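On a predicted model such as this, the values are computed, not experimentally measured, just so you know. Numbering starts at 1 and runs along the sequence shown.
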Amino acid sequence: MAVQTAQLSDERALVEAAQADPRLFGDLYERNFDRVYAYVARRVQDRDAAQDVTADVFHQALANLKKFEWRGVPFVAWLLRIAANTIADRWEKSAREKGNPAEEPHADPVAQREMEEVELQAMLAKLVRGLPEIQRRVVYERFVEQRSIREIAQGLKKTEGAVKQLQFRAIHALRAQMEEQHG
């Protein structure tokens, strides 16, 4: 609990600094990007659209940062509320353009379980970035781009067995780090 309180205090200081000088918003962006992108990507399910929505979220957050009031909850909760509203607005706009009523409901407040999933996805993204370059590339191509082992092997000019071994080592390392950090 003391660690969480210290993190919120540190985060509050970052928010207040960025409110005083918007050039400092970059620290908040770096700290929260993975969580926001993971939240958006789960709902939008199109990489380009998820990137656009995530960019819109941070643009809106920066534009409205002076209006943000600290209430003792993580800053990311505010960002995720902006994301939910941005996604809902896009669905409504898309439905209006197609002449259909919006089929997607307005976003509800972020549930605790959902926040935990977003946190896990953000942690996993961070851990993947910490893998050796070749393992990171294999993981990205295999699970994000959904390429086959054969396609990855051809692109890397390696045998399929070597790519399978790289994938195995990467997954093993990620699993061990996740267990170490999250139990």
Side-chain angles (χ1 to χ4, degrees), residues 1-94 104 106-137 139-141 143-145 173-174 177-178 180-182:
M1 189 69 166
V3 172
Q4 187 177 23
T5 303
Q7 288 173 339
L8 286 175
S9 176
D10 180 43
E11 186 173 63
R12 183 176 187 167
L14 285 174
V15 169
E16 289 172 352
Q19 285 175 319
D21 182 357
R23 293 176 294 184
L24 300 176
F25 184 74
D27 291 336
L28 291 168
Y29 173 87
E30 291 295 326
R31 189 177 204 166
N32 294 290
F33 175 83
D34 289 334
R35 292 177 188 107
V36 172
Y37 182 77
Y39 176 86
V40 170
R42 282 189 58 220
R43 282 150 186 79
V44 175
Q45 310 225 340
D46 173 77
R47 197 166 101 197
D48 291 334
Q51 290 170 348
D52 290 346
V53 169
T54 302
D56 288 348
V57 168
F58 283 102
H59 178 39
Q60 288 178 46
L62 179 57
N64 293 295
L65 189 60
K66 296 238 185 238
K67 297 176 186 175
F68 175 79
E69 293 179 28
W70 188 260
R71 295 189 175 141
V73 296
F75 181 71
V76 73
W78 185 63
L79 293 172
L80 295 180
R81 188 172 47 233
I82 294 171
N85 291 335
T86 302
I87 292 167
D89 290 346
R90 281 182 173 240
W91 283 327
E92 288 176 8
K93 181 181 177 189
S94 176
E104 295 294 333
H106 284 283
D108 294 329
V110 180
Q112 181 65 29
R113 189 180 103 250
E114 197 167 56
M115 274 292 274
E116 289 171 3
E117 287 178 25
V118 168
E119 291 290 333
L120 280 173
Q121 289 175 355
M123 181 173 58
L124 181 59
K126 183 178 180 181
L127 293 175
V128 168
R129 284 195 302 271
L131 289 172
E133 173 62 31
I134 190 75
Q135 289 179 5
R136 182 172 56 241
R137 185 170 171 190
V139 167
Y140 181 81
E141 289 184 21
F143 299 107
V144 175
E145 295 181 352
L174 291 171
Q177 291 177 25
M178 290 283 283
E180 180 181 308
Q181 290 187 17
H182 198 59

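Using a distance-only test at 3.5 Å, with no hydrogens or angles considered, a donor-acceptor pair links the side chain of Q19 to the main chain of F68. No side-chain donor-acceptor contact under 3.5 Å links N64 to the backbone of K67.
Atoms CZ and CG, on R31 and D10 in that order, are 4.5 Å from each other to the nearest 0.5 Å. Summarising the geometry, atom CG belonging to L80 is positioned 11.0 Å from atom CG belonging to N85; distances are rounded to the nearest 0.5 Å. Taking OH from Y37 and CZ from R42, the interatomic distance works out to 13.5 Å, rounded to the nearest 0.5 Å. From Q51, atom CD reaches atom CZ of R47 across 5.5 Å, with rounding to the nearest 0.5 Å.
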> Can you check salt bridge (charged side-chain N to carboxylate O under 4.0 Å, His left out) on R12 and E16, steps first, answer last?
Replying inline: CA-CA 6 Å; R12 183 176 187 167; E16 289 172 352; 3.0 Å; yes
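Within the 4.5 Å cutoff, the side chain of L24 has no heavy atoms near those of the Y29 side chain. You'll find the side chain of D34 reaches within 4.5 Å of the side chain of R129, heavy atoms only. No side-chain heavy atom of I87 sits under 4.5 Å from any side-chain heavy atom of E92. Between L65 and F75, the closest side-chain pair of non-hydrogen atoms falls below 4.5 Å.
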Between side-chain atoms of residues 53-63 and protein atoms elsewhere (two or more places apart, or another chain), which donor-acceptor pairs fall under 3.5 Å?
{"from": "T54", "atom 1": "OG1", "to": "A50", "atom 2": "O", "distance (Å)": "2.7"}
{"from": "D56", "atom 1": "OD2", "to": "R90", "atom 2": "NH2", "distance (Å)": "2.9"}
{"from": "Q60", "atom 1": "NE2", "to": "T86", "atom 2": "OG1", "distance (Å)": "3.2"}

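Figure legend: R136 and Y140 shown without cation-pi pairing, the cationic atom not lying both under 6.0 angstrom from the six-membered ring centre and within 45 degrees of its axis.
Under 4.0 Å is where a charged nitrogen must lie from a carboxylate oxygen, and between E141 and R137 at least one such pair does.
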